[in-house]
Amino acid sequence: MNNALFIYNTLTKEKTLFEPINHPYVGMYVCGPTVYGDAHLGNARPAVVFDVVYRYLKYLGYKVRYVRNITDVGHLENDSDDGEDKVGKKAKLEKLEPMEVVQLYTDAYHQVMQKLNVLMPSIEPHASAHITEQIQMIEEIIRNGYAYESNGSVYFDVKKYSEHHPYGELSGRIPEELYSGTRELDGQHEKKNSADFALWKKASPEHIMRWPSPWSMGFPGWHLECSAMSAKYLGNTFDIHGGGMDLMFPHHESEIAQSKACHGHAPAKYWMHNNMITINGQKMAKSLGNFITLHQLFTGNNSLLDRAYSPMTVRFFMLQAHYRGTLDFSNDALLSAQKAYKRLMNGLKIIKSLTYPENHIPKDDKLNDEIRNSINDCFNSLNDDFNTAACIAALFNLLKKINAIHSSQIRIESIDPAVFEQMKKSFIDIIENILGLYEEKNTRTEVFINALLDLYREAKILKQYDKVDKIRAIFKAEGLVIKDMKNGIDWAYDEN
RNA sequence: GGUCACGUGGCCGAGAGGCUAGGCAGAGGUCUGCAAAACCUUUUACAGCGGUUCGAAUCCGCUCGUGACCUCCA
């Protein structure tokens, strides 16, 4: 296996060899949730995608510092002066303190992420806890001449910036077109150009969330938090910046501009963007109202759902597609993912129980080659811009061999011992440590299961088929099946 | 309107100038008290029309269709 990891960089629009700035340390920043509501399926995609990125980088031996923020201030409903803060609006609606809203949905986010087996980032900073850093950054940007104050608010001067730097390099935007736009926005009379964006906004009287600053009682602009917090925890330049494709413009574009205007150079070396989850071909989004929350997905409590889907089914569903492609939600697709996931888990259970026997028989060269190739395919796929879909395909090819061993159609001894151990280790490592999938056991009472299996075994010997059928029915009712095989009796998860 | 993607078999979804993706579903077989699982075999493909090439699903052009961003969104 080689460690040449290639990452598609949105900035250069090509796959490039990943070389950390400061080997073996890797700094990664991913835009986290705005905590004003329950997380939906679409919100889970970046979390899962970058969880795999995080896990794989660690697997490759990098020392990763992973920062994923919580946006709890400054994210407005729209770009006008009356644009309400998302958290503030929710607080008014629910008659709660803004920080109660933040706490509530941050906790809810953590809960569903834990169910999805998404690891906690190394640091999870809140925007509201870094007002000072953001104010300092604004001051520096003003000093460098790229921002101006207007009526208590501070705006980033896009036109001035684009005279010295390429604004729009990430999203392919052309500055001239941006500030020659005819769109008439409410906040525009304070701005020199419509393309300018807020670094600091003066709070209107009814705006609850406000902090003192040199310019006004107000709050920071949405884009600024990521620039300030990434710089604080990862340094002025770090390795990977991730987030959803829909954040490319204006959020990430503005981040780049702010960081360059402040520090003189770009914040991140590699920009990664996950694509959207669609439903009936359309983007799943809060604003479109066509979303399914993760909680609903896990309980089946949504009219769009035929049934509930387990967290691991959802995770597997997402990993079966490449992160840069759209992924279409449907009950058929989820159900298919559920079956495939369970099949894989049955394989995981089997291989954990397999050990290499002592006796020697001739090796099967073709079989060994096939296994070696599949293992290589797994890692080559991951190295090719985290292609988890192709990786899983290769895992299923290994799974066929594992199942064939289990059902005595292949003898382990015909596999080279080193190849077998490599298969076992890789299969388990990839599934559990890299893809982050685990067995969702529907019962922990294995003793009970084994006792029943003993009864089943006895009943079979006595040919008491009424008992046999009865025990099988008990298993079936619990979502398990008994498997009679040449070489013994075993149980498995029912895939239907 | 501008910018940019995408269109793969019944469904989902990889790949990418010649070499099996994979999963789910369907068919046949092996195994089996019945069944399930497993394994083997197998049927439906690369939107349409041109072009480049010895060869294109993969490159180029056009047409049709879908979507994303340009305003909040992961």
Check your understanding: Considering only side-chain heavy atoms of A:A340, which listed nucleotide, B:rG23, B:rA74, B:rC34, is closest?
Key -> B:rG23
Practice item. With heavy atoms under 4.0 Å as the rule, sort A:M245 into base, sugar-phosphate or nothing. Key: nothing
Point to revise | Atom-pair distance (OH on A:Y465; C1' on B:rU32), nearest Å | key: 11 Å
Point to revise | Minimum-distance nucleotide (side-chain atoms of A:N274 versus B:rG13, B:rA74, B:rC39) | key: B:rA74
List the atom pairs, with distances to 0.1 Å, where a side-chain N or O of residues 220-229 of chain A and a protein N or O form a donor-acceptor pair under 3.5 Å, not counting sequence neighbours.
unit_1 : atom_1 : unit_2 : atom_2 : d
A:W222 : NE1    : A:H75  : ND1    : 3.4
A:H223 : ND1    : A:H251 : ND1    : 2.9
A:E225 : OE1    : A:N69  : ND2    : 2.8
A:E225 : OE1    : A:T71  : OG1    : 3.1
A:E225 : OE2    : A:T71  : OG1    : 3.1
A:S227 : OG     : A:E255 : O      : 3.4
A:S227 : OG     : A:Q258 : OE1    : 2.8

Check your understanding: Hey, what's the ring geometry for A:Y29 with A:F238, parallel, tilted or perpendicular (30° and 60° as the breaks)?
Key -> tilted
Exercise for review: Could you check A:T326 against A:K401 and say which one's nearest nucleotide on RNA chain B is further toward the 5' end?
Suggested key: A:T326
Check your understanding: If you look at every strand shown and take non-hydrogen atoms under 4.0 Å, does A:Q282 touch a base, only sugar-phosphate, or nothing?
Key -> sugar-phosphate
Exercise for review: Using the P atom as the reference point in each nucleotide, state the distance between B:rU42 and B:rG61 in Å, no decimals.
Suggested key: 38 Å
Practice item. Check whether any side-chain nitrogen or oxygen of A:N43 sits under 4.0 Å from OP1 or OP2 of B:rA74, and answer yes or no. Key: yes
**Study point:** Dot-bracket pairing map - RNA chain B, Watson-Crick plus G-U, both contacts under 3.5 Å, | cross-strand
**Key:** (((((((..(((.....[...))).(((((.......)))))....(((((..]....))))))))))))....
Review point. Under 4.0 angstrom, heavy atoms only, what part of the nucleic acid is A:N387 near: base, sugar-phosphate, or nothing?
Key: sugar-phosphate
Exercise for review: Figure out the CZ/P separation between A:F386 and B:rG13, and round it to whole Å.
Suggested key: 22 Å
Exercise for review: Report which part of the nucleic acid A:K339 touches: base, sugar-phosphate, or nothing (heavy-atom distance under 4.0 Å, all strands).
Suggested key: sugar-phosphate
Point to revise | Intermediate values then yes/no, side chain to side chain contact (heavy atoms under 4.5 Å, CB included), A:F298 and A:V314 | key: CA-CA 9 Å; A:F298 301 157; A:V314 174; 4.0 Å; yes
Check your understanding: For A:L367, does its backbone N or O pair with a side-chain atom of A:D364 as donor and acceptor, under 3.5 Å?
Key -> yes
Review point. Are A:M284 and A:H40 close enough that some pair of their side-chain heavy atoms sits under 4.5 Å apart?
Key: yes
Exercise for review: Rounded to whole angstrom, note down the P distance from B:rU20 over to B:rG2.
Suggested key: 44 Å
Review point. Between B:rA37, B:rC34, B:rC72, which nucleotide gets closest to the side-chain atoms of A:D484?
Key: B:rC34
Check your understanding: B:rG22, B:rC69, B:rC39: which one has an atom nearest the side-chain heavy atoms of A:F396?
Key -> B:rG22
Review point. Which part of the nucleic acid, if any, lies within reach of A:I277 when heavy atoms closer than 4.0 Å are counted: base, sugar-phosphate only, or nothing?
Key: base
Point to revise | Pairwise P distance, B:rA37 and B:rG23 [rounded to whole Å] | key: 15 Å
Point to revise | Donor-acceptor pair present, A:R343 side chain and B:rC24 base, under 3.5 Å | key: no
**Study point:** Options B:rA74, B:rG22, B:rA35, nucleotide nearest the side-chain atoms of A:D246
**Key:** B:rA74
Exercise for review: Please list, chain by chain and in numerical order, all residues satisfying salt bridge (charged side-chain N to carboxylate O under 4.0 Å, His left out) with A:K283, sequence neighbours excluded.
Suggested key: A:D246
**Study point:** Distance, rounded to the nearest Å, where A:R324 contributes CZ and B:rG13 contributes P
**Key:** 16 Å
Check your understanding: Which part of the nucleic acid, if any, lies within reach of A:S336 when heavy atoms closer than 4.0 Å are counted: base, sugar-phosphate only, or nothing?
Key -> base
**Study point:** Nearest-Å distance once atom C1' is located in both B:rC11 and B:rC34
**Key:** 32 Å
Exercise for review: Starting from P on B:rU20, measure out to CG on A:N376 and report it in whole angstrom.
Suggested key: 17 Å
Point to revise | Side-chain donor or acceptor of A:K191 paired with backbone N/O of A:D196 under 3.5 Å | key: yes
Practice item. Name the residue closer to the 5' end of RNA chain B, choosing between A:L399 and A:K86 according to the nucleotide with the nearest heavy atom. Key: A:L399
Exercise for review: Look at all strands and tell whether A:I482 reaches a base, only sugar-phosphate, or nothing, counting heavy atoms closer than 4.0 Å.
Suggested key: base
Review point. Base, sugar-phosphate alone, or nothing: which one does A:G42 contact when heavy atoms must sit under 4.0 Å apart?
Key: base
**Study point:** Touch class at under 4.0 angstrom, heavy-atom based, for A:K13 against every strand present
**Key:** nothing
Review point. Counting just side-chain N and O atoms, does A:K283 come under 4.0 Å of either OP1 or OP2 of B:rC69?
Key: yes
Review point. Looking for any heavy atom pair under 4.0 Å, which part of the strands does A:D469 touch: base, sugar-phosphate only, or nothing?
Key: base
Review point. Closest to the A:E495 side chain: B:rC69, B:rA38, B:rC72?
Key: B:rA38
Exercise for review: Rounded off to whole Å, could you give me the CG-to-P distance for the A:D328 and B:rC6 pair?
Suggested key: 17 Å
Review point. Between atom CD in A:Q409 and atom C1' in B:rC39, what is the gap in whole Å?
Key: 4 Å
Check your understanding: When the P atoms of B:rG7 and B:rG48 are considered, how many whole Å apart are they?
Key -> 13 Å
Practice item. Scan A:K400 against the nucleic acid and name what it touches under 4.0 Å (heavy atoms): base, sugar-phosphate only, or nothing. Key: sugar-phosphate
Revision key, fill the gap. In whole angstroms, the gap separating P of B:rG15 from CG of A:D377 amounts to 13 Å
Review point. Considering only the C1' atoms, how many Å lie between B:rG9 and B:rA45, rounded to the nearest integer?
Key: 4 Å
Exercise for review: Under 4.0 Å between any heavy atoms, over every strand shown, what does A:F249 touch: base, sugar-phosphate, or nothing? Just pick one.
Suggested key: sugar-phosphate
Review point. Relative to the ring of A:Y341, is the ring of A:F316 parallel (under 30°), tilted (30 to 60°) or perpendicular (over 60°)?
Key: tilted
**Study point:** Interatomic distance at P, B:rC46 relative to B:rC59, whole Å
**Key:** 16 Å
Review point. How are the rings of A:H252 and A:H273 set relative to one another: parallel (under 30°), tilted (30 to 60°) or perpendicular (over 60°)?
Key: tilted
Review point. Can you check whether A:Y66's main-chain N or O pairs, donor with acceptor, with A:S122's side chain at less than 3.5 Å?
Key: yes
Review point. How would you label the contact of A:V468 with the nucleic acid (heavy atoms, under 4.0 Å): base, sugar-phosphate, or nothing?
Key: base
Review point. Base, sugar-phosphate alone, or nothing: which one does A:A389 contact when heavy atoms must sit under 4.0 Å apart?
Key: base
**Study point:** 4.5 Å side-chain heavy-atom contact, A:L199 and A:Y155
**Key:** no
Check your understanding: What is the distance from CG of A:N69 to C1' of B:rA74, rounded to the nearest Å?
Key -> 12 Å
Practice item. Could you give the distance separating B:rA57 and B:rA47 at their C1' atoms, to the nearest angstrom? Key: 11 Å
